[in-house]
Protein chains: 2
Amino acid sequence: MEATANQGGRATITDVAKRSGTSIKTVSRVFNDEPFVRAETKKRVLEAAAALDYHPNIAARSLVRGRSFLIGLFYENPSPNYVVDLQTGALDRLRDERFRLLLFPCQSARAMSGKLLQVARTSGLEGIVLAPPLGDDPRTVKELREGRMPFVRIAPTTALDASPMVGIDDVEAARAMTQHLLDLGHRRIAFVQGDPGHPSTGQRLSGFRAALTEAGVSFDERLLEEGMYTFESGLAAGRRLFADRMRPTAVFAANDDMAAGIAVAAKEYGLDIPAHVSIAGFDDSLISRVTWPQLTTIHQPTYDMAHVATDALLALIERQPLDRAVGLPHRLLVRGSTGKAPSGEAANAGSSA
Amino acid sequence: MEATANQGGRATITDVAKRSGTSIKTVSRVFNDEPFVRAETKKRVLEAAAALDYHPNIAARSLVRGRSFLIGLFYENPSPNYVVDLQTGALDRLRDERFRLLLFPCQSARAMSGKLLQVARTSGLEGIVLAPPLGDDPRTVKELREGRMPFVRIAPTTALDASPMVGIDDVEAARAMTQHLLDLGHRRIAFVQGDPGHPSTGQRLSGFRAALTEAGVSFDERLLEEGMYTFESGLAAGRRLFADRMRPTAVFAANDDMAAGIAVAAKEYGLDIPAHVSIAGFDDSLISRVTWPQLTTIHQPTYDMAHVATDALLALIERQPLDRAVGLPHRLLVRGSTGKAPSGEAANAGSSA
DNA sequence: CGGTAAATTGACAACGTTGCCAATTCCGAA
DNA sequence: TTCGGAATTGGCAACGTTGTCAATTTACCG
């Protein structure tokens, strides 16, 4: 039956040409949807291809076209939810495109610095999506630009630069969240920072500070805690905060994972959320919905950012004109973990100054 | 400076040969670590390659060798944590190999049935890792085997079959968890099932039943709830269970996401965990550590399973001999969400029969 | 019916690499 | 010094596809 195929291996374009009584060029035309193929010829070719279970050889196609149709997603692993959102956004954009996505989980932005272009070349990538904080390493960006490797960065829009970029405005978002806490009457608000290696850390903090300043509320620097964007670091920060008699009435964590850790710490100290302490996060990751009560947070459209970034990258690869920076909207999600400041606050705050 | 390279594009093996004063064949030898290249020649070639920033063209190499060095990971998306563990396990095994990993998130096993081989062919994959429940679709397995596409399934070891497979013994693990609850004195134990499309669902249930039977405890079928392995389905199941006056003293959910939902439902009903009700999960996913209290669960070595499966796949591709099925050990993790059955249980259980 | 443009098809040379095999060089032994 | 075999190197065809360009067929006009 299928004896037309060259022995053993997969059917090639030549096999299809023979079986359909045409030339390999015509078969190629059919499989690339080129015009100028008679309908009847096309039908014959497709029948032959189906009978032989023919699939174009991607390597040969890549070779002759000088293209790999491969793009890379480089990311650190801040949280599985975030990573999966990124991947899904990128993959969904690629659906029905010829491009395929290769994953490059990185240990740290610093470790990759200077090696990224090489990795991309070795893998034959046509373009790169850089997830935070990889897009913020100046050396990497410089290297990619000089190497003419198309890339799009997912990064806070406030960190403006000449290269294409997609993100939300972290400063503004943090300001909005802080305002929400102020509106609830909170004055002793602690802030738990993220990984100092991520630019978002500084931006969220500055948004927080800006809101306090605007409201004329002075900030007790002892309420600034360090963190690493991990659940554990949030737990530790929460314990430090709640161990102090001058404990805050609200805690704003720079991401949800830390906020969840802080919530656990609060429970360890017998504090009710939000009656005794309000807790706010950032990212709207899955974890913010599985704590009890659910976390008030900032929705960051991670999926959309990856989708848009991939879209931009494809345009860049095809040398189409392109907006330099795309800002996506964030959203304040008020859920159960934030509430009115406890009434005793003023007395409490003043008791030990 | 770098004028030796052919204009514009990337340097090719010919450029390196010219610059190093050797032949392309010798350059090829150097880059493939073949023997019989004089040390001094090798050095010259490497210098020239570095100067030209030469990287072998993967497409050309794939074409001539008839290999793509691409393997695919097909998975549904039960939970981000699980997916990331899978990916990381596979990617870590691939480190320092020439192989690269392509992602194929699937809507549902049913939707992919019959299309998987085609997708693999189209993408030029050399092999496939099937994450649950994709490996349990008989049609897919048959198709892959007949198409001679190497594949390894990650699936419960109790679902034995002729094709290579890696997994834990779900039945035994569920039995161990149930025994744990029985040991704590629980007799009214509810079970929340997972997605009926996953074979693990049936196996975990059967392990649960077996443990009860062995202990001589009869099972009230009203305590069997349906679920879909999602947090929301667990929340819903929990609400149904706790709304009933005959509520269980312990709930065993077929995975952690559902258990977390059940924990939230318990809190809605003012039930303390574990004083009023014990809750057990399965998987040891991140979520089991961020609930309060943390969930007692079964540690499933997802990372290791993907690692071992990838290892087996590479062996299969290289036509090396291979163990048909590999069973990996699970572990019962007792944390805060399970405790002694409330003393009033007997009275409570008998009050409305 | 002849002529011209458009539609359709095919021949053949790349693309950059590796496998096969022949050519050359090197080394120690005779 | 010469010889034989091992070490080292190079030449060239092939891998399966697409781009270029020429050849052939078809359709339409006057």
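The figures that follow rest on heavy atoms only: side chains count, while hydrogens, waters and symmetry mates do not. We name chains A, B, ... by the order of the sequence lines, and we start the count at 1 in each one.
Side-chain N/O atoms of B/Ser28 include none lying less than 4.0 angstrom from OP1 or OP2 on C/dT17. Put simply, A/Arg38 has no side-chain N or O that comes within less than 4.0 Å of OP1 or OP2 on C/dT8. Checking the phosphate oxygens (OP1, OP2) of C/dT18, a side-chain nitrogen or oxygen of B/Asn32 falls inside 4.0 Å. An OP1 or OP2 oxygen of C/dT9 is reached within less than 4.0 angstrom by no side-chain nitrogen or oxygen of A/Thr26. At least one side-chain nitrogen or oxygen of A/Thr41 sits closer than 4.0 Å to the OP1 or OP2 atom of C/dT9.
Looking at which nucleotide of DNA chain D each of B/Ala60 and B/Val37 is closest to, the 5′-most match is held by B/Val37. For the pair A/Gly21 and B/Pro56, nearest-nucleotide mapping onto DNA chain C gives the more 5' position to A/Gly21.
A heavy-atom distance below 4.5 Å is not found between the side chains of A/Val166 and A/Asp311. Here the side chains of B/Pro105 and A/Thr88 are not in contact, with every heavy-atom distance at 4.5 Å or above.
With sequence neighbours excluded, the residues satisfying side chain to side chain donor-acceptor pair (under 3.5 Å) with B/Arg67 are B/Glu126.
For B/Asp15 and C/dT17, the CG to P distance is 9 Å, given to the nearest whole Å. Rounding to whole angstrom units, CG of residue B/Leu63 and C1' of C/dT17 are separated by 8 Å. The CZ-P distance, from A/Phe36 to D/dT20, rounds to 15 Å in whole Å. In this structure, B/Lys43 atom NZ and D/dT9 atom P are separated by 14 Å, rounded to whole Å. In this structure, CZ of A/Arg98 is placed 11 Å from C1' of D/dT18, rounded to the nearest angstrom. In this structure, the CD atom of A/Glu34 is 14 Å from the P atom of D/dT17, given to the nearest Å. Spacing between atom CZ of A/Phe31 and atom C1' of D/dG19 amounts to 19 Å, rounded to whole angstrom units. When the C1' atom of D/dG16 is taken as reference, atom NZ of A/Lys18 falls 13 Å away, rounded to whole Å.
Side chain of A/Arg29 to main chain of A/Glu34: no donor-acceptor pair is present (N/O by atom type, distance under 3.5 Å, no hydrogens or angles).
A salt bridge links A/Lys43 and A/Glu47; the closest N-O separation between the charged side-chain nitrogens and carboxylate oxygens is under 4.0 Å. Taking a cutoff of 4.0 Å between a charged side-chain nitrogen and a carboxylate oxygen, A/Glu146 and A/Lys142 qualify as a salt bridge. Taking 4.0 Å as the cut-off between side-chain N and carboxylate O, A/Lys18 and A/Asp15 do not count as a salt-bridged pair.
Between A/Met305 atom CE and A/Met165 atom CE the span is 12.5 Å, to the nearest 0.5 Å.
For A/Phe74 and A/Phe151, the ring centers are positioned 6.0 Å apart or more.
For DNA chain D, no neighbouring residue in residues 115-126 of chain B is found when judged by any heavy atom under 4.0 Å.
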What protein N or O atoms touch nucleotides 11-13 of chain C N or O atoms at under 3.5 angstrom, if any, and at what distances?
none

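Residue B/Thr22 is classed as a sugar-phosphate contact, given heavy-atom separations below 4.0 Å to backbone atoms only.
Atom CD of B/Gln118 has 12 or fewer neighbouring heavy atoms from other residues, nucleotides or ligands inside a 6.0 Å radius.
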